[in-house]
Amino acid sequence: MKTLLPILSIALCSGVCAVVQAADAELPQGLEKREARGRITYEGGDGSSFEKAVVIVGAKNSMDGVPAESKWLEKKYRNYVKLKQALMKHEGKSFDVITIKTKKGKEVVVYFDISGFFGKN
């Protein structure tokens, strides 16, 4: 039993060290995602029309932009329910037009100008 203990200790340490190295290898990618979300800002209007659309700035692609839409909606309409979403073109720009139901039961249509990131990798 005494000779088995050092062998088990070495095996355990090797396994833990491998897990730590794997986690370190993923760290830069995780930081990249957090940095991308940190650079996203919102400009434009209140989202009530094409002309007053919320402009998502700083999203590199849909993987950044779509969660940014949800984040904006949650901040403005806490506990909303998404009813439908449509991709539309208006005056040469791309828009996500999202219909939601607020927690008070009101249907609201919100326009997001996604021209800055839509269709980009």
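Basis for what follows: all heavy atoms, side chains included, without hydrogens, waters or symmetry-related copies.
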Self-check item: Candidate pair K75 and Y42, rule side chain to side chain contact (heavy atoms under 4.5 Å, CB included), full reasoning
Solution: CA-CA 12 Å; K75 187 168 179 136; Y42 305 93; over 6 Å; no
Exercise. Any chance you could lay out the side chain to side chain contact (heavy atoms under 4.5 Å, CB included) test for K93 and F50, step after step, and finish with the verdict?
Key: CA-CA 10 Å; K93 293 182 178 181; F50 287 115; over 6 Å; no
Self-check item: Between Y111 and F95, ring centroids under 6.0 Å
Solution: no
Exercise. Specify the closest pair of heavy atoms between F117 and K60, including all atoms of both residues, with the distance to one decimal.
Key: CB-C, 4.0 Å
Quiz item: Side-chain heavy atoms under 4.5 angstrom apart, residues restricted to Ile, Leu, Val, Met, Phe, Trp, Tyr: same cluster for V81 and Y77?
Solution: no
Quiz item: Out of curiosity, K76 NZ to I100 CD1, how far, rounded to the nearest 0.5 Å?
Solution: 9.5 Å
Exercise. Tell me whether V97 is reachable from F118 by hopping between hydrophobic residues (I, L, V, M, F, W, Y) whose side-chain heavy atoms are closer than 4.5 Å.
Key: no
Quiz item: Quick one: are I56 and F112 in side-chain contact, heavy atoms under 4.5 Å?
Solution: yes
Quiz item: If two hydrophobic side chains count as joined below 4.5 Å and joins carry through other members, does V108 share a cluster with L73?
Solution: yes
Quiz item: From T102 OG1 over to R78 CZ, what is the distance, rounded to the nearest 0.5 angstrom?
Solution: 13.5 Å
Quiz item: Would you say K84 and I98 make side-chain contact, with heavy atoms under 4.5 Å?
Solution: no
Quiz item: Taking all non-hydrogen atoms of both residues, which atom of S62 and which atom of P67 are closest, and how far apart?
Solution: O-CD, 3.7 Å
Quiz item: Is any side-chain heavy atom of T99 closer than 4.5 Å to a side-chain heavy atom of Q85?
Solution: no
Practice problem: State yes or no: do Y80 and W72 share one hydrophobic cluster built from I, L, V, M, F, W and Y residues joined by side-chain heavy-atom distances below 4.5 Å, directly or via other members? | Solution: yes
Quiz prompt | Value rounded to 0.5 Å, distance of CD in E74 from CG in N79 | solution = 5.5 Å
Practice problem: Considering non-hydrogen atoms only, spot the tightest contact between I114 and L87 and give its length. | Solution: CD1-CD1, 3.7 Å
Practice problem: Taking all heavy atoms of K120 and all of S115, pick out the closest pair and write down the distance. | Solution: NZ-O, 4.4 Å
Quiz item: Does the distance from a Lys or Arg side-chain N to an Asp or Glu carboxylate O, for K52 and D46, drop under 4.0 Å?
Solution: no
